[in-house]
Amino acid sequence: MTVHNREIAEQFSHLADLLEIEGADAYRVRAYRQAAQTIAGLSESLADRAAAGEDLSALPHIGESLAEKIRTICETGHLPQLEEAEERLPAALSDLLEISGLGPKRVKALHQDLHIDNLQDLKQAVAEHRVRELSGFGAKSEQALADKLAQWQGPAERLPLIEAEEIARPLVHSLRGLDGVDQVTIAGSFRRRKETVGDLDILVTAAEGTSVMERFTGYDEVSEVVSQGETRATVLLRAGLQVDLRLVPAAAYGAALHYFTGAKAHNIAVRRLGVQRDLKINEYGVFHGDERVGGRTEQEVYDAVDLPFIEPELREDRGEIEAAQEDRLPALIGLDDIRGDLHAHTKASDGHDSLRQMAEAAAERGYAYLAITDHSQHVTVAHGLDPQRMAAQIDAVDALNEELDGRIRVLKAVELDILADGSLDLPDDVLERLDLCVCAVHHKLDLPRQKQTERILRALDSQHCHILAHPRGRLIGKRAGYELDLERVMRAAAERGCALEVNAQPKRLDLDDSDCRLAKELGVRIAISTDAHSQGNLDYMRFGVDQARRGWLTADDVINTRGLDDLLALLRH
DNA sequence: GCCGTTTTCGGCCCGACTGTTTTCAGTCG
């Protein structure tokens, strides 16, 4: 039984909540939260690392004390300090912190004075108008709580980035359409291209007296104005998404953009560097005493603390500040570096478009090559190809390449099922005729960790396995992915020269950002592929590139930045 | 509880908005 990083992070996070309600030292609480964040963002299994006797205190925000606690959790599954806290306070009290407007102080008051232990107790107390009697609360807060509790459906779900884009587009358009509005920029995790977005942070610069706030709070899709001031407003959209708007003067645009892009931990780290230089950095600029010394651009903010510009995708306080100080920031891959797509389907299996349509669409995007990777026979629901149909498709691709006359090269390929025992779903004599094999797991997702790992390792042993597709098998918000020792798979892939895929489907993004970073560390090559099931899906490439950038990858780390000849040479190895 | 170009102690980012107050605490980002 391996303890997941996620479970360790949750225990620290829960402990932080309970300690905060108890009124513990705020910095101690923050230390637990930062540690939880570090752990949640790791791809390598801490349980494996701990078992191997590695020094966990080398990790950011993990010191001796927390390293010891991690070891305890890995060995026993429990954190004694959390269990002790749960004896002092009801464990469900931390649920109350999820309600916006309730922080640690008010939750403590609710518990101590009204004996509220959980959300149910709170509902009852609100219904009986007992909350308004409490010092610090009033009729208005009680009513606000009543409204929020009535709509409460658990912690707000984060939206996949692509859905956030669709919601943001018309809103941004509406704001830009207003006279006097200069810049409208979406910052926050959206700009950092995080795979999911919890809210939208919109930054606006405008001429004085422009009615931006009115336009914003009056937007059609707004279901509730949460707060509204001179320079800042928060609304909820009907889609359930929270949107914050910040109005700043043009001279502060860079400082505001930096502040509003976050991540919070990155901002704190940058501001700390400012403090060391006797500078104050806030959303209005960089200040030396009362004198404003920068802030029109983000570059000025970084200049002030002697750092090179740090790309938004890297701003997570995951070592980018240190890397910037040591001048070893990666030159991140860009969409323009991509020369072709190595995973796409046609009507032959479960795609919507023909071979020719897919090839034409890829050529229009300026690609040098497109691998057609229809499913193999085991995936019957997707009408997977058996040896005969595969042979027919190989011939069809050869014929099409002749007709295309070098405009683009279609690669003969397959998305080949890895069977439960790790064998491959088509015989060698068929596979030998292909340019490329993309191997993937589509069934028996519930094998135990060791079996699943060995299954994939066996598949990697085949000389035909060029790329391991969607290695974790997760679906964002739906499925966690199968149990797997990914680090072991990566080491094996590195040895065999097999690439791992970043599947760019917005609901997969698999590998994810931190997996990419681990892959790079271990010397694993990456393929960024769309897994397109239609021509339009080829545009998902940018979502894959986003995650690769978040994972510190350069063009050199990614095989489909190579030209056709280099790629083919690489695949032959 | 972490961490170090003020290093093993004593710091730890900074400001807007709301509601309940009567000058500010709490919450949020």
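The analysis underlying the following values was restricted to heavy atoms, covering all of them including side chains, and did not include hydrogens, waters or symmetry mates. Sequence lines set the chain letters: A, B, ... in the order given, protein chains first and strands last, and positions in each chain run from 1.
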Not counting sequence neighbours, list each pair that qualifies as a salt bridge (Lys or Arg N to Asp or Glu O under 4.0 Å) and has a residue in residues 287-299 of chain A. A:Arg191-A:Glu298, A:Glu298-A:Arg315
Looking at A:Arg449 and A:Glu483, is there a salt bridge between them, counting it only when a charged N and a carboxylate O are closer than 4.0 Å? no
Mind checking A:Thr231 for me? I need base, sugar-phosphate or nothing, with any heavy atom below 4.0 Å counting as a touch. sugar-phosphate
Rounded interatomic separation in angstrom, taking CG from A:Leu245 and P from B:dA16: 15 Å
Does A:Lys69 place a side-chain N or O at less than 4.0 Å from the phosphate oxygens OP1/OP2 of B:dG1? yes
Between B:dC13 and B:dT5, how far apart are the P atoms? Round to whole Å, please. 16 Å
Can you tell me how far C1' of B:dT18 sits from CD of A:Glu224, to the nearest Å? 13 Å
Between A:Tyr32 and B:dG1, is there a contact of a side-chain N or O with OP1 or OP2 at under 4.0 Å? yes
Take the protein atom NZ of A:Lys140 and the nucleotide atom C1' of B:dA25, then report the distance between them rounded to whole Å. 17 Å
Separation of the C1' atoms in B:dT20 and B:dT27, to the nearest angstrom: 14 Å
Strictly by modelled atom types, are A:Asp147 and A:Gln151 linked by a side-chain donor-acceptor pair under 3.5 Å? no
If the cut-off is 4.0 Å, is A:Asn282 near the phosphate of B:dG15, judged by side-chain N/O to OP1 or OP2? yes
Measure CZ/A:Phe260 against C1'/B:dA16 and give the value in whole Å, please. 11 Å
Using Watson-Crick or G-U wobble geometry with both distances under 3.5 Å, which nucleotide pairs with B:dT8? none
In whole Å, measure the gap between the P atoms of B:dG11 and B:dA16 for me. 26 Å
Nearest-Å distance for atom pair CZ/C1', residues A:Arg192 and B:dG29: 12 Å
Counting just side-chain N and O atoms, does A:Tyr284 come under 4.0 Å of either OP1 or OP2 of B:dA16? yes
Any side-chain N or O of A:Arg28 less than 4.0 Å from the OP1 or OP2 oxygen of B:dG1? yes
Charged N-O contact under 4.0 Å between A:Asp515 and A:Arg472: yes
Note: A:Arg542-A:Glu165 ion pair, threshold 4.0 Å (strictly below): yes
Looking only at heavy atoms, which two atoms of A:Ile333 and A:Ile528 are closest? And how far apart? CD1-CD1, 3.9 Å
So, is the end of the A:Arg193 side chain (NZ or CZ) under 6.0 Å from the ring centre of A:Phe190 and within 45° of the ring's axis? yes
Sub-3.5 Å pairs of nitrogen or oxygen atoms, protein against nucleotides 7-9 of chain B:
none

A:His115 and A:Asp121: side-chain donor and acceptor closer than 3.5 Å? no
What is the distance, to the nearest angstrom, from the CG atom on A:Leu145 to the P atom on B:dT20? 10 Å
Could you tell me how far apart A:Asp317 (CG) and B:dG29 (P) are, to the nearest whole angstrom? 20 Å
Within less than 4.0 Å of OP1 or OP2 of B:dC12, is there a side-chain N or O belonging to A:Arg271? no
Using a cut-off of less than 4.0 Å, is there contact between a side-chain N or O of A:Lys264 and OP1 or OP2 of B:dC14? no
Distance, rounded to the nearest Å, where A:Ile268 contributes CD1 and B:dC3 contributes C1': 15 Å
